[in-house]
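Throughout, residue positions are numbered sequentially from 1 according to the sequence presented.
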Amino acid sequence: QVQLEESGGGSVQPGGSLRLSCTISTYIYDFYCLAWFRQAPGKEREGVARIVSDAETTYASSVKGRFTISEDAAKRTLYLEMESLKPEDSAMYYCAAEFSVGDCYSEPPDYTYWGQGTQVTVSA
(Lines give C-alpha, C1' and ligand atoms only; values in the text may rest on other atoms or scores of the structure.)
Protein backbone atom coordinates (compact mmCIF):
# COMPACT_ATOMS: atom_id res chain seq x y z
CA GLN A 1 0.00 0.00 0.00
CA VAL A 2 1.24 3.49 -0.89
CA GLN A 3 0.42 6.45 1.32
CA LEU A 4 0.95 10.08 0.32
CA GLU A 5 0.90 13.04 2.68
CA GLU A 6 1.11 16.72 1.73
CA SER A 7 2.48 19.53 3.87
CA GLY A 8 3.62 23.13 3.51
CA GLY A 9 0.35 24.86 2.73
CA GLY A 10 -0.69 28.07 4.40
CA SER A 11 -1.70 31.67 3.89
CA VAL A 12 0.50 34.04 1.89
CA GLN A 13 0.19 37.48 0.30
CA PRO A 14 0.12 37.92 -3.48
CA GLY A 15 3.64 37.76 -4.88
CA GLY A 16 4.78 35.49 -2.08
CA SER A 17 6.22 31.99 -2.22
CA LEU A 18 5.47 28.59 -0.72
CA ARG A 19 7.01 25.14 -1.00
CA LEU A 20 4.69 22.17 -0.80
CA SER A 21 6.00 18.72 0.08
CA CYS A 22 4.50 15.28 -0.47
CA THR A 23 6.00 12.27 1.27
CA ILE A 24 5.56 8.88 -0.36
CA SER A 25 5.57 5.88 1.98
CA THR A 26 7.11 3.50 -0.54
CA TYR A 27 7.93 3.19 -4.23
CA ILE A 28 6.33 -0.09 -5.27
CA TYR A 29 8.00 0.01 -8.70
CA ASP A 30 10.97 1.83 -10.21
CA PHE A 31 8.81 3.49 -12.87
CA TYR A 32 6.29 6.07 -11.64
CA CYS A 33 4.60 9.36 -12.29
CA LEU A 34 3.95 11.92 -9.57
CA ALA A 35 1.71 14.95 -9.89
CA TRP A 36 0.20 17.94 -8.14
CA PHE A 37 -3.46 18.86 -8.55
CA ARG A 38 -5.53 21.68 -7.11
CA GLN A 39 -9.21 22.39 -6.64
CA ALA A 40 -10.85 25.63 -5.58
CA PRO A 41 -14.47 25.88 -4.38
CA GLY A 42 -16.85 25.83 -7.33
CA LYS A 43 -14.12 24.90 -9.80
CA GLU A 44 -13.03 21.67 -11.46
CA ARG A 45 -9.95 19.83 -10.28
CA GLU A 46 -6.95 21.07 -12.24
CA GLY A 47 -3.69 19.33 -12.98
CA VAL A 48 -0.84 21.63 -11.96
CA ALA A 49 2.38 19.74 -12.67
CA ARG A 50 3.73 16.24 -13.14
CA ILE A 51 7.06 14.45 -13.15
CA VAL A 52 7.85 11.00 -14.52
CA SER A 53 10.54 8.94 -12.72
CA ASP A 54 12.41 12.06 -11.58
CA ALA A 55 12.97 13.24 -15.14
CA GLU A 56 10.28 14.47 -17.55
CA THR A 57 8.18 17.38 -16.24
CA THR A 58 4.95 18.98 -17.46
CA TYR A 59 3.15 22.11 -16.24
CA ALA A 60 -0.24 23.69 -16.67
CA SER A 61 -0.01 26.90 -18.68
CA SER A 62 -1.42 28.88 -15.75
CA VAL A 63 1.59 28.07 -13.54
CA LYS A 64 4.41 27.64 -16.05
CA GLY A 65 7.36 29.85 -15.17
CA ARG A 66 6.14 30.33 -11.59
CA PHE A 67 5.93 26.78 -10.21
CA THR A 68 8.60 24.08 -10.21
CA ILE A 69 8.01 20.38 -9.55
CA SER A 70 10.89 18.25 -8.32
CA GLU A 71 11.56 15.01 -6.51
CA ASP A 72 14.13 13.81 -4.00
CA ALA A 73 13.92 10.06 -4.57
CA ALA A 74 16.27 9.28 -1.69
CA LYS A 75 13.89 11.06 0.69
CA ARG A 76 10.80 9.74 -1.10
CA THR A 77 9.52 13.30 -1.29
CA LEU A 78 7.84 15.30 -4.06
CA TYR A 79 8.03 19.10 -4.01
CA LEU A 80 6.16 21.97 -5.58
CA GLU A 81 7.98 25.31 -5.40
CA MET A 82 5.46 28.10 -5.92
CA GLU A 83 6.59 31.66 -6.60
CA SER A 84 4.84 34.91 -7.57
CA LEU A 85 1.63 33.55 -6.11
CA LYS A 86 -1.68 35.02 -7.24
CA PRO A 87 -5.10 34.98 -5.57
CA GLU A 88 -6.29 32.61 -8.29
CA ASP A 89 -3.72 30.07 -7.06
CA SER A 90 -5.77 29.65 -3.88
CA ALA A 91 -6.98 26.05 -3.69
CA MET A 92 -6.63 22.73 -1.95
CA TYR A 93 -3.50 21.13 -3.38
CA TYR A 94 -3.21 17.35 -3.71
CA CYS A 95 -0.35 15.09 -4.70
CA ALA A 96 -0.90 11.87 -6.62
CA ALA A 97 1.16 8.86 -7.68
CA GLU A 98 0.91 6.06 -10.21
CA PHE A 99 3.27 3.15 -10.90
CA SER A 100 1.77 1.74 -14.11
CA VAL A 101 3.30 2.83 -17.42
CA GLY A 102 -0.05 2.55 -19.17
CA ASP A 103 -1.90 4.63 -16.59
CA CYS A 104 0.86 7.25 -16.44
CA TYR A 105 0.64 7.80 -20.19
CA SER A 106 -3.11 7.45 -20.65
CA GLU A 107 -5.11 10.55 -21.66
CA PRO A 108 -5.71 11.78 -19.04
CA PRO A 109 -3.28 9.94 -16.73
CA ASP A 110 -4.99 7.73 -14.15
CA TYR A 111 -3.46 8.14 -10.69
CA THR A 112 -4.14 5.44 -8.13
CA TYR A 113 -2.78 7.02 -4.95
CA TRP A 114 -3.73 10.41 -3.54
CA GLY A 115 -2.89 12.52 -0.52
CA GLN A 116 -5.42 14.23 1.70
CA GLY A 117 -4.59 17.74 0.49
CA THR A 118 -3.04 20.90 1.89
CA GLN A 119 -4.71 24.31 1.72
CA VAL A 120 -3.06 27.27 -0.01
CA THR A 121 -4.64 30.70 0.42
CA VAL A 122 -3.29 33.76 -1.40
CA SER A 123 -4.84 37.04 -0.30
CA ALA A 124 -3.87 40.58 0.61
Just by distance, do the side chain of [X] and the backbone of [Y] share a donor-acceptor pair under 3.5 Å?
| X | Y | result |
| --- | --- | --- |
| T58 | R50 | no |
| E6 | T118 | no |
| T77 | K75 | yes |
| Q13 | S123 | no |
| S25 | Q3 | yes |
| S106 | P108 | yes |
| R45 | Q39 | no |

> Are T112 and F99 close enough, and set up right, to give a side-chain contact (heavy atoms from CB on, under 4.5 Å), and what steps lead you there?
Replying inline: CA-CA 8 Å; T112 300; F99 297 89; over 6 Å; no
Say you draw a straight line from [atom1] of [X] to [atom2] of [Y]; how long is it, rounded to the nearest 0.5 Å?
| X | Y | atom1 | atom2 | result |
| --- | --- | --- | --- | --- |
| S100 | Y105 | OG | OH | 11.5 Å |
| C95 | Y79 | SG | OH | 12.5 Å |
| E98 | D110 | CD | CG | 6.0 Å |
| C22 | L4 | SG | CG | 4.0 Å |
| Y113 | T26 | OH | OG1 | 10.0 Å |
| E88 | R38 | CD | CZ | 8.0 Å |

ILVMFWY cluster, [X] and [Y] together (side-chain gap under 4.5 Å):
| X | Y | value |
| --- | --- | --- |
| M92 | L85 | no |
| V52 | I24 | yes |
| V48 | Y94 | no |

With side chains defined as the heavy atoms from C-beta onward, is the minimum distance between [X] and [Y] less than 4.5 Å?
| X | Y | value |
| --- | --- | --- |
| S21 | S7 | yes |
| W36 | L78 | yes |
| I28 | V2 | yes |

Closest heavy-atom pair and its distance - [X], [Y]:
| X | Y | result |
| --- | --- | --- |
| L20 | V120 | CD2-CG2, 4.0 Å |
| G47 | A60 | O-CB, 3.3 Å |
| A35 | Y111 | CB-OH, 3.4 Å |
| A124 | P14 | N-CD, 3.6 Å |

>> Between E83 and R66, does any side-chain N to carboxylate O distance fall below 4.0 Å?
In response: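 No, E83 and R66 are not salt-bridged.
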> Is the ring centre of W114 less than 6.0 Å from the ring centre of F37?
Replying inline: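 So the answer is yes for these two rings.
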> Between Y27 and Y32, is the ring centre distance below 6.0 Å?
Replying inline: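 Here the rings of Y32 and Y27 have centres that are less than 6.0 Å from each other.
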>> For S62 and E46: C-alpha separation, side-chain torsions, deciding distance, then whether side chain to side chain donor-acceptor pair (under 3.5 Å) applies.
In response: CA-CA 10 Å; S62 59; E46 175 188 19; 3.1 Å; yes
> Going through the checks in order, is the side-chain contact (heavy atoms from CB on, under 4.5 Å) test met by E71 and L34?
Replying inline: CA-CA 9 Å; E71 180 205 1; L34 308 171; 3.9 Å; yes
